[in-house]
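Only one structure is covered here, and it is reproduced in the block below.
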Amino acid sequence: MTSESVQPMSGPSRRAVVAAAGAAGLTVALTACGSDDKASDSSTEQGAGGGGATNEGGGSSPEAGAGGAALAKTADIPEGSGKIFKDEKVVVSQPAAGDYKAFSTICTHQNCPMVDLKDDIISCTCHGSQFSVLDGSVKKGPAVKPLEAKQVTVSGDSITLA
């Protein structure tokens, strides 16, 4: 009986397979936490003071409601806080009595929708960014850009997205 020596199969070593898996995992992690500047290139950065409301004098011009849908009554928006309108992807706030502002509820970090509002802070559940609904400013990163301001119109006791 002769014994033949078994030749090892040629293929990737265990070390090469582990290194490739590690590189793939690192790539996924960096992609998830990276920055996508495509959205920010086309938008205008607006900090504090943006996204104000226009008060209509109660006139019934055709342009008054042409810009958007009525969101709420002024009494529905608490002073010093706000209210999220999920379908419109907007949060309307009342920083001071009679002063209404609106901001996008899309996080400026990775475009995740935000629906978690406590007091005057809206939080992103994707990566933990927090924003003030009173002025749109970043309160906690990783986001570095403020929320996009939206225009609202107040006519009587009705708030309309412009």
Side-chain angles (χ1 to χ4, degrees), residues 23-162:
L26 181 60
T27 301
V28 169
L30 291 176
T31 301
C33 294
S35 174
D36 182 12
D37 289 331
K38 291 177 195 167
S40 64
D41 289 345
S42 63
S43 65
T44 303
E45 259 189 62
Q46 296 183 12
T54 304
N55 287 318
E56 295 291 323
S60 57
S61 68
E63 296 88 46
L71 291 176
K73 301 289 184 192
T74 55
D76 295 338
I77 310 301
E79 186 176 344
S81 187
K83 182 175 180 179
I84 294 174
F85 297 91
K86 212 189 260 190
D87 291 341
E88 291 81 5
K89 297 180 182 148
V90 69
V91 59
V92 177
S93 64
Q94 185 178 187
D99 180 26
Y100 298 92
K101 296 187 181 225
F103 300 95
S104 169
T105 57
I106 302 301
C107 181
T108 59
H109 173 239
Q110 287 289 304
N111 299 321
C112 291
M114 298 184 288
V115 295
D116 184 22
L117 176 64
K118 289 187 179 75
D119 300 320
D120 65 337
I121 301 294
I122 189 168
S123 301
C124 180
T125 57
C126 289
H127 300 108
S129 293
Q130 294 181 337
F131 302 85
S132 168
V133 296
L134 304 181
D135 62 9
S137 64
V138 176
K139 294 300 179 185
K140 179 183 170 194
V144 294
K145 295 179 183 173
L147 293 175
E148 179 187 353
K150 299 289 186 178
Q151 191 70 34
V152 288
T153 302
V154 178
S155 181
D157 68 345
S158 181
I159 299 173
T160 304
L161 188 59

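Nothing fancy with the numbering, it's 1 onward along the sequence. Here the structure is a predicted model, which means the values were calculated and not measured.
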(Q) Within the 4.5 Å heavy-atom criterion, are Pro113 and Ile106 side-chain neighbours or not? (A)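 Contact flag for Pro113/Ile106 side chains = yes.
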(Q) Can you confirm whether Phe131 sits close enough to Val91 that some side-chain heavy atom of one is under 4.5 Å from a side-chain heavy atom of the other? (A)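 Answer no - side chains too far apart.
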Any chance you could measure [X], atom [atom1], to [Y], atom [atom2], to the nearest 0.5 Å?
| X | Y | atom1 | atom2 | result |
| --- | --- | --- | --- | --- |
| Leu134 | Asp99 | CG | CG | 9.5 Å |
| Lys140 | Gln130 | NZ | CD | 5.0 Å |
| Leu117 | Lys83 | CG | NZ | 11.0 Å |

For the residue pair [X] and [Y], what are the closest heavy atoms and their distance?
| X | Y | result |
| --- | --- | --- |
| Ala143 | Val138 | O-CG1, 3.3 Å |
| Lys86 | Val115 | CE-CG1, 3.7 Å |
| Gln94 | Gly98 | OE1-N, 3.0 Å |
| Lys101 | Pro95 | CD-CG, 3.9 Å |
| Glu79 | Ala97 | OE2-N, 3.4 Å |
| His109 | Ser129 | CB-OG, 4.1 Å |

Do the side chain of [X] and the main chain of [Y] share a donor and acceptor less than 3.5 angstrom apart?
| X | Y | result |
| --- | --- | --- |
| Ser81 | Asp119 | yes |
| Glu148 | Ser104 | no |
| Ser93 | Val133 | yes |

Q: Please list all pairs passing the salt bridge (charged side-chain N to carboxylate O under 4.0 Å, His left out) test where one or both residues lie in residues 105-114, with sequence neighbours left out.
A: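 Non-adjacent pairs meeting salt bridge (charged side-chain N to carboxylate O under 4.0 Å, His left out): zero.
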Q. Looking only at the SG atoms, are Cys126 and Cys112 under 2.5 Å from each other?
A.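 Judged by the SG atoms alone, which are under 2.5 Å apart, Cys112 and Cys126 are bridged.
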Q) Ile84 pairs by side-chain contact (heavy atoms from CB on, under 4.5 Å) with which of Asp116, Ile122, Val92? A)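 Considering Asp116, Ile122, Val92, a side-chain contact (heavy atoms from CB on, under 4.5 Å) with Ile84 is found only for Ile122.
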Q. Does a sphere of radius 6.0 Å around CG in Asp76 hold more than 12 heavy atoms from other residues, nucleotides or ligands, not counting ones at 6.0 Å or beyond?
A.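 Above 12, so yes.
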